[in-house]
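Please read the structure below before turning to the comments.
Numbers restart at 1 for each chain; the letters A, B, ... are given by sequence-line order, proteins then strands.
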Amino acid sequence: MLTLTLPDGATREVAPGTLPVDVVKSIGEGLARAAIAVAVNGKVQDLMTPLRDGGDFRVLTARDAEALDVLRHSTAHLLATAVRRVRPDAKIGFGPAIEDGFYYDFEVERPFTPEDLERFEQEMAKVVKEKLPFVRAEVSRREAQQVFADDPLKLERLSELGDDEVISTYTDGPFVDLCRGPHVPDTGYLKHFKLLNTAGAYWRGDEKRQMLQRIYGTAWFKKEDLDAYLHRIEEAKKRDHRVLGKQLDLFMFHQFSPGSAFWTERGTTIFNALVGYVRELQREHFQEVRTPVLYNKGLWEISGHWGKYRENMFLVQNNETGELDTSLKPMNCPSHYLLYLSKKHSYRELPLRFATFDTLHRNEVTGALSGLTRVRQFHQDDCHIFLTEDQIADEVRFLAQFIVRYYETFGLKPTVRFATRPEVRIGDDALWDRAEGALRAALEATGMPFQMKPGDGAFYGPKIDFDVTDSLGRLWQLGTIQLDYNAPERFDLQYVGEDNTMHRPVVIHRAVSGSFERFVAILIEHFAGAFPVWLAPEQVRVLPITDELADVARAVVRRMRDAGIRAHLDDRNETLNYRIRDGEVMKVPYMAVIGKREAEGDTVAVRARGEGKKQEVIPVAQFIERVGEEAKTRALQTAD
RNA sequence: GCCAGCGUAGCUCAGUGGUAGAGCACCCGAUUCGUAAUCGGGCGGUCGUCGGUUCAAUCCCGACCGCUGGCUCCA
């Protein structure tokens with residue numbers, strides 16, 4: 001007999017092979033109707049899979065997150081069922097649940113069109129009405145090979161399963177899939193779904209294998225949830241930095257320079273404000289430097305980039321040799337090493353921090369380019385630190401605090417990750433052991449919680465990544481602290497120690513914003529375009545109510561500008577309502593309205609962004625002081 | 001780079017095998033207004049580029065460029 005322990009502590013004795021659905025029914029009929037699946041010792045299985053083990057027994061309903069995965073995985077099968085009915089030639093790949101939905105991969109002669117998706121969706125609705133049960137069967141390898149004789153992708157997967165593994169199939173009506181499960185009891189449970197888009201996807205994620213047609217969809221237990229999700233997608237699109245970048249007149253792209261942003265005056269203001277902030281933070285302990293953009297390949301041969309990353313560099317022809325033996329720099333590190341090598345350094349100078357904002361170019365493949373988030377030309381707040389091994393712990397703490405403080409200014413919460421040696425790397429394992437040990441110890445000493453990212457380190461060393469999540473739910477790697485024992489060897493970096501002999505420093509690579517381009521994109525979406533005052537391209541818009549007051553308004557703008565405030569006059573021949581609306585659409589933090597009353601009292605009627613009902617009339621001087629203070633302190637919220 | 005979709009006025013988009021339209025923006029005029037779009041008039045496009053089919057191509061076909069969603073990649 002198996003002993004099942006329910007969440008309330010009660011126990012049930014059942015025979016091995018009992019169906020969970022019967023156990024659930026014995027607990028309550030209402031629960032049986034709501035049940036989607038069960039979890040035995042935390043492992044989710046469906047209601048029709050015989051129980052093998054006793055232990056903690058939990059019934060999953062629509063309220064459990066695990067049940068949502070079951071629902072989505074089943075919806076993927078539902079999709080495949082429909083696709084097979086409409087396009088019997090389709091070979092099936094994998095169809096898992098993913099965040100917010102599911103996908104299913106098919107191999108077909110003719111790729112799917114948007115019209116096909118509509119057909120599939122209609123067919124899915126029919127299958128739902130048919131309430132086809134998901135029937136689990138455990139089969140032998142030979143049986144499975146027969147069932148999937150016409151599905152080469154499934155046969156490939158089958159051949160990888162070990163002999164000790166249970167091979168199970170799930171059948172709903174005409175459709176059989178090689179699948180571990182679990183699934184909902186029948187297709188009638190799958191009511192609220194939507195197919196979203198198709199995409200090509202390499203079989204097994206390998207670009208050398210054939211390309212399959214992937215269909216993405218989403219599925220939910222309740223219609224409200226589905227609607228809310230679709231609404232969320234719409235809202236996310238509205239704050240997409242590419243949409244807002246146009247609407248707020250911040251930047252543009254042109255086909256003559258794909259992947260490189262053109263910054264308008266307003267966008268440049270934001271860009272410069274960010275650079276200015278990093279400069280301010282670095283004034284004390286960093287040395288800002290500038291190095292060339294163009295280098296002979298000799299440099300990249302020393303650094304190791306020529307072999308590994310040449311395809312991703314912009315090569316330039318040397319007119320004397322006719323060779324493509326020169327390149328735009330894709331990173332700053334080697335140039336900083338050259339700068340370091342230009343002098344003899346004492347241990348007294350360390351840690352020595354070279355910081356730069358130079359322009360970098362990487363020849364990203366066309367398909368990878370995307371708005372400001374993936375570009376070919378960009379600017380990092382890059383820094384290379386030369387230090388002794390003894391200084392690593394202190395330095396990592398210093399840098400980590402620096403980075404976290406910077407993000408706090410924007411209200412961004414980072415997740416810290418520790419990334420270890422990748423498969424393709426330079427340097428021997430002893431060196432990696434040392435680097436990973438030192439960096440990990442330093443990270444642990446900061447007391448910050450962190451996650452592991454095994455194999456995700458740079459090819460020259462382990463790193464600490466600071467990732468943030470944007471409004472669209474995408475995770476962005478922003479800041480990074482990378483420890484490098486390799487570069488000092490390759491470039492023969494040295495310093496004179498206390499003992500008057502030469503020593504090898506270690507190098508730390510550090511970036512805070514990642515690239516400013518991408519950081520601006522994240523900020524646009526993070527703030528939905530409503531930048532805090534210190535970043536807002538236009539901080540105050542002054543609106544005279546009538547033409548007669550234009551001169552008074554102009555004088556107020558003058559005073560604000562003299563106080564360092566980015567103020568603009570809007571005396572266009574439009575109604576006040578029109579101009580207010582325009583200011584709101586452009587997300588200007590403050591509008592200062594000047595009517596006859598204000599003109600007489602040297603005041604302005606202040607309207608804070610998004611707070612139309614709460615205007616207040618205050619003296620011009622006081623307003624100037626308030627805005628100036630907000631900008632200076634980089635306040636996140638506008639004052640009430 | 002790969003798969004699919006898309007490319008029409010500054011922007012958002014409609015449209016048709018017989019050389020194009022709306023709203024907003026912009027310009028002009030009227031209006032002088034108290035907190036999210038005043039009214040009227042006007043300007044504006046070799047329909048991404050090149051080639052093909054056709055009596056005729058923005059529309060059909062092909063190539064290229066770019067963008068979007070994915071896949072791959074991301075020092």
Nearest heavy-atom neighbours spanning A/Val542 and A/Met560
CG2-SD, 4.2 Å

Ignoring hydrogens and angles, does a donor from either the side chain of A/Arg209 or the base of B/rC71 sit under 3.5 Å from an acceptor on the other?
no

Ignoring hydrogens and geometry beyond distance, is the side chain of A/Asp547 in donor-acceptor contact with the base of B/rU32 at under 3.5 Å?
yes

Residue A/Glu548, side-chain heavy atoms: nucleotide from B/rA75, B/rU35, B/rU32 that is nearest
B/rU32

Considering only B/rG66, B/rA37, B/rU35, which nucleotide approaches the side chain of A/Gln255 most closely?
B/rG66

Donor-acceptor pair under 3.5 Å: do we get one between A/Arg362's side chain and the base of B/rC74?
no

Quick check for you: among B/rA36, B/rC73, B/rC3, whose closest atom lies nearest to any side-chain atom of A/Glu584?
B/rA36

So, is A/Tyr578 close to the B/rA25 phosphate, meaning a side-chain N or O under 4.0 Å from OP1 or OP2?
yes

Is A/Phe112 stacked against the base of B/rA4, taking the criterion as centroid distance under 5.5 angstrom and interplanar angle under 30°?
no

Side chains of A/Ser327 and A/Trp300: closer than 4.5 Å at any heavy-atom pair?
yes

Are A/Asn332 and A/His384 close enough that a side-chain donor and a side-chain acceptor fall under 3.5 Å?
no

Classify the side chain of A/Arg110 versus the base of B/rA4 as yes if they form a donor-acceptor pair under 3.5 Å and no if they do not.
no

Can you figure out which of B/rG34, B/rU72, B/rA36 approaches the side chain of A/Arg581 most closely?
B/rA36

